[in-house]
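Down below is the structure, laid out as structure tokens.
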Amino acid sequence: MNVLLTPYLMSEDARTQAEFYKQALGGEIISVMMHAHTPGIPEAFKDKVMHLAMSVAGGNTLFMSDSFEPVAGSRCLSLSLSFESEAEAKGVFAKLSEGGVVKYPLEKQPWGASYGELQDKFGVTWMIVNETK
């Protein structure tokens, strides 16, 4: 099976959230398509993001869209980032946690890796791992 799995985040403000991730994770916004191009879309949604594609954290792809419904964080899904560099892991953890909630500080764990978990200011849960050798 040859399949690609790409996270697709629903947002209340996809452009602002994408800019936050661009600063926190590095990368760039590749493309943005607005709902204004969709026939029959309600006027209030014409300036909203239908599809945003971005490259983050060393070339990973992340898709985003403004949601028609209220967006709330969910514990049923977390995004995990694994870093080779302790400094990079700490830097990204600090940036993603700005305005959010640290659930578990980024610390050395009994299994040998450093691990931390946070919910960013948009309600997305991130698991940060550093496997120092």
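Keep in mind that what you see is a predicted model, and the values were worked out from it rather than measured.
- Looking at heavy atoms from C-beta onward, Glu28 lies out of side-chain contact with Met54 at the 4.5 angstrom threshold.
- Taken to the nearest 0.5 Å, the NZ atom of Lys103 stands 10.5 Å off from the CE atom of Met127.
- Ala24 and Val92 make their closest contact through O-CG2, 3.6 Å (heavy atoms, listed as atom of the first residue, atom of the second, distance).
- Tracing side-chain contacts under 4.5 Å through hydrophobic residues (I, L, V, M, F, W, Y), one reaches Val102 starting from Ile128; they form part of the same cluster.
- The shortest side-chain heavy-atom distance between His35 and Met50 falls under the 4.5 Å cut-off.
- The hydrophobic cluster analysis finds Val101 isolated: no Ile, Leu, Val, Met, Phe, Trp or Tyr side chain comes under 4.5 Å of it, directly or through other members.
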Can you check side chain to side chain contact (heavy atoms under 4.5 Å, CB included) on Trp126 and Leu25, steps first, answer last? CA-CA 12 Å; Trp126 294 88; Leu25 301 170; 3.9 Å; yes
Using the rule given for side chain to side chain contact (heavy atoms under 4.5 Å, CB included), can you reason through Thr125 versus Leu79, listing the C-alpha separation, both sets of side-chain angles and the distance that settles it, and then say yes or no? CA-CA 6 Å; Thr125 300; Leu79 300 179; over 6 Å; no
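- Applying the 6.0 Å contact sphere to NZ of Lys90 captures no more than 12 heavy atoms from other residues, nucleotides or ligands.
- Taking the side chain as every heavy atom from C-beta outward, Phe20 and Lys121 approach each other to under 4.5 Å.
- A 4.5 Å side-chain heavy-atom check between Arg15 and Val32 finds at least one atom pair inside the cut-off.
- Between Val49 and Ala14, the shortest heavy-atom distance links the atoms CB-CB, 4.0 Å.
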Any chance you could lay out the side chain to side chain contact (heavy atoms under 4.5 Å, CB included) test for Glu131 and Glu84, step after step, and finish with the verdict? CA-CA 6 Å; Glu131 303 260 1; Glu84 291 181 8; over 6 Å; no
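- Contact annotation: the side chain of Leu62 approaches that of Leu9 to within less than 4.5 Å [non-hydrogen atoms, C-beta and beyond].
- Of the possible polar contacts, one joining the Gln109 side chain to the Glu107 backbone as a donor-acceptor pair under 3.5 Å is found.
- To the nearest 0.5 Å, atoms NZ (Lys95) and CD (Gln23) are separated by 7.5 Å.
- Distance check, rounded to the nearest 0.5 Å: CG of Asp66 to CG of Leu52 gives 9.0 Å.
- Residue pairs meeting the side chain to side chain donor-acceptor pair (under 3.5 Å) criterion with at least one member in residues 43-59, sequence neighbours excluded, are Tyr8-His51.
- Here the closest heavy-atom approach between residue Tyr104 and residue Phe93 is recorded as O-CZ, 3.6 Å.
- One distance of note links NZ of Lys108 with OH of Tyr115; it measures 15.5 Å at 0.5 Å rounding.
- No path of Ile, Leu, Val, Met, Phe, Trp and Tyr side chains, each step under 4.5 Å between heavy atoms, connects Val71 with Phe45, placing them in separate hydrophobic clusters.
- To the nearest 0.5 Å, atoms OG (Ser11) and CZ (Phe122) are separated by 6.5 Å.
- Side-chain atoms of Asn130 do not come within 3.5 Å of backbone N or O of Ser114 as any donor-acceptor pair.
- Note: the hydrophobic cluster containing Met34 also contains Ile29 (ILVMFWY, side chain heavy atoms under 4.5 Å, direct or indirect links).
- Side-chain atoms of Asp120 and Tyr21 form a donor-acceptor pair, as typed in the model, at a separation below 3.5 Å.
- Put simply, the side chain of Ser85 gets close to the backbone of Glu88: a donor and an acceptor are under 3.5 Å apart.
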